[in-house]
Structure formats: C-alpha cells, structure tokens
Amino acid sequence: MQEKEIYDVRGGQSKLFRLLRFDTEGLVHLVFYRIAIVIAALMVISMAIGVEYVQTPFINATRVLMLLLWIMFTPQLFETIKAMSLIASKGVVFGKLNPSFMSQVKRNTSIDGLLYALPYVVLAVWAVGLIGLVKLWFV
C-alpha cells in the first residue's frame, strides 16, 4: 500500500513570508509572536540578573523588555478579541461570507455593531495601559 503524499500549496510552515500573498494579519501575528518569544527569554535572563545583583527583578533592562513584550503581544490580543467577535456574531462581523448565506442568517444589528467595535475598544484600553506603565516606570 502506497502512502499518500500531502502537498500544501501555500508553502511550508517555516517560511513565514509565504503569508504575505494571502494573509497579512496572519503574517503580523506570527512575526510578532516569534519576536515575543525571544524577548520573553531575554526578560527572564534580565530578571534573574536583577535578582542576583540588585535584589530586585525589575531593573531598567527588564522594564524595557517588558514594554517591548507588551507591544509584541498587541497583535495577539487584537486577533483574539476579533476572533471572539467573529464567533459571537456567527461569522457576520469581520466575516467574508457568501451573500446567499448572509440572507438566511438572522442578524441582530445592534449587537453586531458592538462586536465590531470591541477589538478596537480593547486595543485602546491596552494602549492606555502601556502609556500608564511608561509614565509609572520612566517619568
């Protein structure tokens, strides 16, 4: 019996920039995620150095790395809230659905507007938190 060979026309998973052709948001999500992993590892090292030599994990290098990690996590947060809105609206909000399907879906337009705005509201609160953290630590 011959094994079936599977071929993905989009390219291999290790080639991140393959997403540029068809999913820009996915590319941003993956690039920021991979950068965030490196920053998180550096932050752990920075905290360990701070505890060993300064007796506090929050030295300036750790604070800067935490701010960078905050920024790198922003697309993950936005995409998660966007996906929750998409699921809660049954694909109406942010969805690219067939018009024949859309005509059959019972829509609650008042909640759809709220679900559409939710990722942007959460992003605004996230940005205010970042500004507050910068003021608290560096001003």
Side-chain angles (χ1 to χ4, degrees):
M1 184 177 212
Q2 248 182 338
E3 285 190 40
K4 187 175 184 179
E5 192 173 315
I6 299 172
Y7 177 72
D8 189 355
V9 295
R10 298 172 297 176
Q13 291 294 319
S14 63
K15 299 175 189 140
L16 284 183
F17 292 100
R18 69 183 166 69
L19 293 171
L20 191 58
R21 292 178 296 189
F22 59 90
D23 189 7
T24 312
E25 285 183 15
L27 176 66
V28 170
H29 176 78
L30 284 176
V31 168
F32 276 54
Y33 178 73
R34 290 190 178 183
I35 293 170
I37 291 170
V38 174
I39 292 173
L42 292 173
M43 194 168 76
V44 168
I45 293 168
S46 173
M47 291 174 97
I49 290 170
V51 167
E52 181 66 31
Y53 294 107
V54 190
Q55 281 68 44
T56 179
F58 293 106
I59 58 176
N60 282 338
T62 304
R63 291 176 178 166
V64 169
L65 288 169
M66 190 171 288
L67 291 175
L68 286 174
L69 193 59
W70 188 294
I71 293 167
M72 291 295 122
F73 190 71
T74 302
Q76 313 332 315
L77 179 71
F78 180 76
E79 292 297 326
T80 300
I81 302 300
K82 188 176 171 183
M84 289 171 49
S85 294
L86 182 68
I87 292 166
S89 70
K90 297 182 179 124
V92 174
V93 176
F94 297 111
K96 296 173 181 73
L97 301 173
N98 188 336
S100 64
F101 176 77
M102 290 298 292
S103 66
Q104 303 297 321
V105 174
K106 291 183 181 178
R107 295 179 64 186
N108 184 353
T109 54
S110 62
I111 195 77
D112 286 350
L114 291 173
L115 290 172
Y116 185 78
L118 184 63
Y120 302 103
V121 170
V122 169
L123 206 58
V125 171
W126 187 256
V128 168
L130 177 63
I131 292 167
L133 199 58
V134 168
K135 278 187 171 183
L136 179 71
W137 279 347
F138 296 105
V139 177

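Here the structure is a predicted model, which is why all the values come from computation and not from measurement.
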Between [X] and [Y], is there a shared hydrophobic cluster once you connect ILVMFWY residues whose side-chain heavy atoms come closer than 4.5 Å?
X: Leu67; Y: Val128; answer: no
X: Phe32; Y: Met43; answer: yes
X: Trp137; Y: Val134; answer: yes
X: Val51; Y: Ile45; answer: no
X: Tyr116; Y: Leu114; answer: yes

Checklist entry - Which residue pairs pass the side chain to side chain donor-acceptor pair (under 3.5 Å) test when at least one of the two sits in residues 50-63, sequence neighbours left out? => result Ser46-Thr62
Taking atom [atom1] of [X] and atom [atom2] of [Y], what is their separation to the nearest 0.5 Å?
X: Leu130; Y: Met66; atom1: CG; atom2: CE; answer: 12.0 Å
X: Leu27; Y: Glu25; atom1: CG; atom2: CD; answer: 11.0 Å
X: Trp70; Y: Thr74; atom1: CH2; atom2: OG1; answer: 8.5 Å
X: Leu86; Y: Ile81; atom1: CG; atom2: CD1; answer: 13.0 Å
X: Leu118; Y: Ile111; atom1: CG; atom2: CD1; answer: 9.5 Å

Checklist entry - Quick one: which of Val54, Leu65, Val64 gives a side-chain contact (heavy atoms from CB on, under 4.5 Å) with Ile59? => result Val54
Item to check | Atom of Met72, atom of Ala36 and distance for their closest heavy-atom approach | outcome: CB-CB, 3.8 Å
Item to check | Heavy-atom closest contact (Val93 atom, Asp112 atom, distance) | outcome: CG2-O, 3.5 Å
Next on the checklist: Here's a test for you: under ring pair (Phe, Tyr, Trp, His ring centres under 6.0 Å), which of Phe73, Phe78, Tyr120 qualifies with Trp126?
Outcome noted: Phe73
